[in-house]
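Below you'll find the structure, written out as structure tokens, and then a few comments.
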There are 2 protein chains.
Amino acid sequence: MRGQPGRTVTSRVLALLDAFSPASPALTLSELARRAGLPLSTVHRRVAELLAWGALERGGDGRYRIGLRLWEVGSLAPRGLGLREVALPVMEDLYEVTHENVQLAVRQGLELVFIERIAGRRAVPVRTRVGGRFALHATGVGLVLLAHAPAEVQERVLAGPLERYTALTVTDPGRLRRCLAEVRRVGYAVSDRQVTMDALSVAAPVRAPEGVVAALSLVVAHDRADPVALAPLVQAAGRVLSRALGGTPR
Amino acid sequence: MRGQPGRTVTSRVLALLDAFSPASPALTLSELARRAGLPLSTVHRRVAELLAWGALERGGDGRYRIGLRLWEVGSLAPRGLGLREVALPVMEDLYEVTHENVQLAVRQGLELVFIERIAGRRAVPVRTRVGGRFALHATGVGLVLLAHAPAEVQERVLAGPLERYTALTVTDPGRLRRCLAEVRRVGYAVSDRQVTMDALSVAAPVRAPEGVVAALSLVVAHDRADPVALAPLVQAAGRVLSRALGGTPR
DNA sequence: CACCCGTCTTCCACTGGACGGAAGGCGTGG
DNA sequence: CCACGCCTTCCGTCCAGTGGAAGACGGGTG
């Protein structure tokens with residue numbers, strides 16, 4: 001094309017979707033154009049089509065938002081709602097026993113995505129959002145997912161910058177590597193104040209026939225936490241879920 | 001273009017997404033091509049790009065499924081996860097009080113889409129799926145949404161074929177019209193065995209500043225149902241939710 | 001009121017991304 | 001062995017897409 005030869009129409013449409021984020025779920029046409037790096041007239045045309053189909057919706061304020069039709073299609077993702085449907089009963093059981101925050105996440109590239117969470121009203125407040133992303137190297141679920149990720153993924157995470165969230169976040173590649181080996185050995189992960197100074201999480205893997213596909217965790221206040229007591233509960237829930245997915249829990 | 005001049009690239013990409021449905025969430029390349037009505041080579045090219053972005057994923061069986069990235073973007077839909085986040089606590093309260101199925105739906109065109117449901121283990125089994133669609137003229141939520149839909153939408157639904165699910169489904173346009181007027185008057189809808197012969201649902205509107213945006217309902221076994229007793233509960237929940245959305249509940 | 005600023009919408013002549021038929025590889029099973 | 005369905009790649013043609021420019025719109029300011 002004229003502006004940026006080599007850029008396909010499809011990639012431009014996808015760039016428009018990329019422009020939306022949890023932090024900015026409503027955008028004007030101009031904002032959309034700037035974020036996607038496309039001329040206004042181009043965006044105007046493409047957006048009209050997305051609007052007609054229902055991928056985008058336009059509010060009374062003139063801003064564009066993600067449309068329900070796209071949510072509907074997204075709900076067909078096996079690793080999204082599909083996984084959630086199977087996991088929810090197990091997560092609820094875990095919640096009933098502990099009355100603590102229960103989280104379910106999968107790995108997407110070099111980050112994790114939260115698929116579902118049950119936030120206990122009496123439990124520690126956690127700032128995770130369903131559909132939100134987070135780094136792999138700090139949380140309990142992240143450590144489990146990273147420990148069972150392909151070697152290539154692990155290397156890229158270990159090589160890349162490891163953001164420090166608290167004084168206890170493991171940012172040394174060597175230590176993180178040993179940490180992951182330990183997670184594989186014992187079959188669960190503990191993240192003690194590595195994300196915030198008030199929370200501790202214990203996570204276990206969820207296995208399908210193709211390997212570890214998700215991670216389940218409990219997030220509790222660190223001062224009333226007993227990882228050794230919580231681990232068997234989370235692991236048991238992970239096994240139940242693994243079996244439901246046709247996997248072979250260890 | 002050559003095959004079907006007038007068809008845009010974007011519409012073709014969207015047609016590929018349309019090919020997926022709850023009944024067939026995993027498709028081969030050929031199936032995808034047939035469903036979208038596009039040549040195989042065209043689909044092959046477009047799908048490769050969707051795969052790279054994460055809109056689609058490919059399983060070990062070679063079939064394509066909706067990818068997590070699309071689920072993630074879809075989760076930004078205000079009428080999808082956004083609404084669910086606000087509604088869930090209210091729905092849980094309603095469930096705690098009744099221990100019956102609680103459902104939340106919005107209107108999308110001439111149908112409704114289920115946004116969330118809480119299925120009581122002891123409650124009547126309902127075959128609704130989160131992300132699934134249904135006709136507007138039979139269910140409790142549907143009647144509420146239809147009763148408060150723009151006149152143009154109502155006319156099109158009344159004109160179109162009204163599928164009969166049971167002997168009690170209202171399929172006469174005149175009767176349905178009176179039914180909708182009654183729903184508006186009393187502020188709630190009752191669907192007594194109009195979908196299945198074992199279930200009854202009571203639904204109430206959810207109002208945001210722009211009008212009725214969703215409907216909340218209880219679905220119970222018809223033989224132990226007392227609509228008059230349930231209505232106030234559902235209406236109260238609807239009002240709480242309306243207020244949370246900045247609406248003015250009546 | 002006139003002015004400016006940012007936003008949105010529409011128009012049009014050019015061009016390169018998209019097209020799709022065809023041919024080739026791959027696995028299955030009759 | 002061949003036939004069948006599926007997937008992948010190639011290449012010459014051509015129309016959908018492009019983006020600058022011009023104009024409408026809307027709100028805030030002097």
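Values in this document were obtained by computation on a predicted structure and should not be read as measured data. Letters A, B, ... mirror the listed sequences (proteins, then strands); counts begin at 1.
Taking every side-chain heavy atom of B:T10 into account, D:dG17 is the closest of D:dG17, C:dC8, C:dC19. The side chain of A:L29 sits closest to C:dC8 out of D:dT8, D:dA16, C:dC8. Among C:dC11, C:dC8, C:dA18, the nucleotide with an atom closest to any side-chain atom of A:S41 is C:dC11. The side chain of B:R12 lies closest to C:dG20, out of D:dC6, C:dG20, D:dT18. Minimum atom distance to the side chain of B:V9 is reached by D:dA16, of the listed C:dT7, C:dG17, D:dA16.
Counting to the nearest Å, the C1' atom of D:dG17 and the CG atom of A:L16 are 14 Å from each other. The distance between atom CG of A:L40 and atom P of C:dT7, rounded to the nearest whole Å, is 9 Å. In this entry the distance linking CZ of A:R46 with C1' of C:dT9 reads 15 Å, nearest Å. Distance, B:R58 CZ to D:dC6 P: 13 Å, rounded to whole Å. Taking atom CD of B:E31 as the reference point, atom C1' of D:dC7 lies 13 Å away to the nearest angstrom. Atoms CZ (B:R7) and P (C:dG17) sit 22 Å apart, rounded to a whole Å.
Between B:T28 and D:dC6, a side-chain N or O to OP1/OP2 separation shorter than 4.0 Å is absent. Distances shown here put a side-chain N or O of B:H44 below 4.0 Å from the OP1 or OP2 atom of D:dT8. For C:dG20, the OP1/OP2 oxygens have a side-chain nitrogen or oxygen of B:T42 closer than 4.0 Å. A close approach under 4.0 Å does not occur between any side-chain nitrogen or oxygen of B:R63 and OP1 or OP2 of D:dC6.
Closest heavy-atom contact between A:Q154 and A:A147: NE2-O, 3.1 Å.
Using a 4.0 Å heavy-atom distance criterion, B:L38 is classed as making no nucleic acid contact.
Contact check for A:F114 versus A:L112: side-chain heavy atoms found under the 4.5 Å cut-off.
Using modelled atom types and a 3.5 Å distance limit, the side chains of A:R45 and B:T10 yield no donor-acceptor pair.
A salt bridge links A:R177 with A:E155: the distance from a Lys NZ or Arg NE/NH1/NH2 to an Asp or Glu carboxylate oxygen falls below 4.0 Å.
Evaluation of atom-type donor-acceptor distances gives a pair under 3.5 Å for the side chain of A:R45 against the base of D:dG19.
Each of A:S11 and A:S30 was assigned the nucleotide of DNA chain C with the nearest heavy atom; the assignment lying further toward the 5' end belongs to A:S30.
A cation-pi contact, defined as under 6.0 Å to the ring centre and within 45° of the axis, links B:R69 to B:W53.
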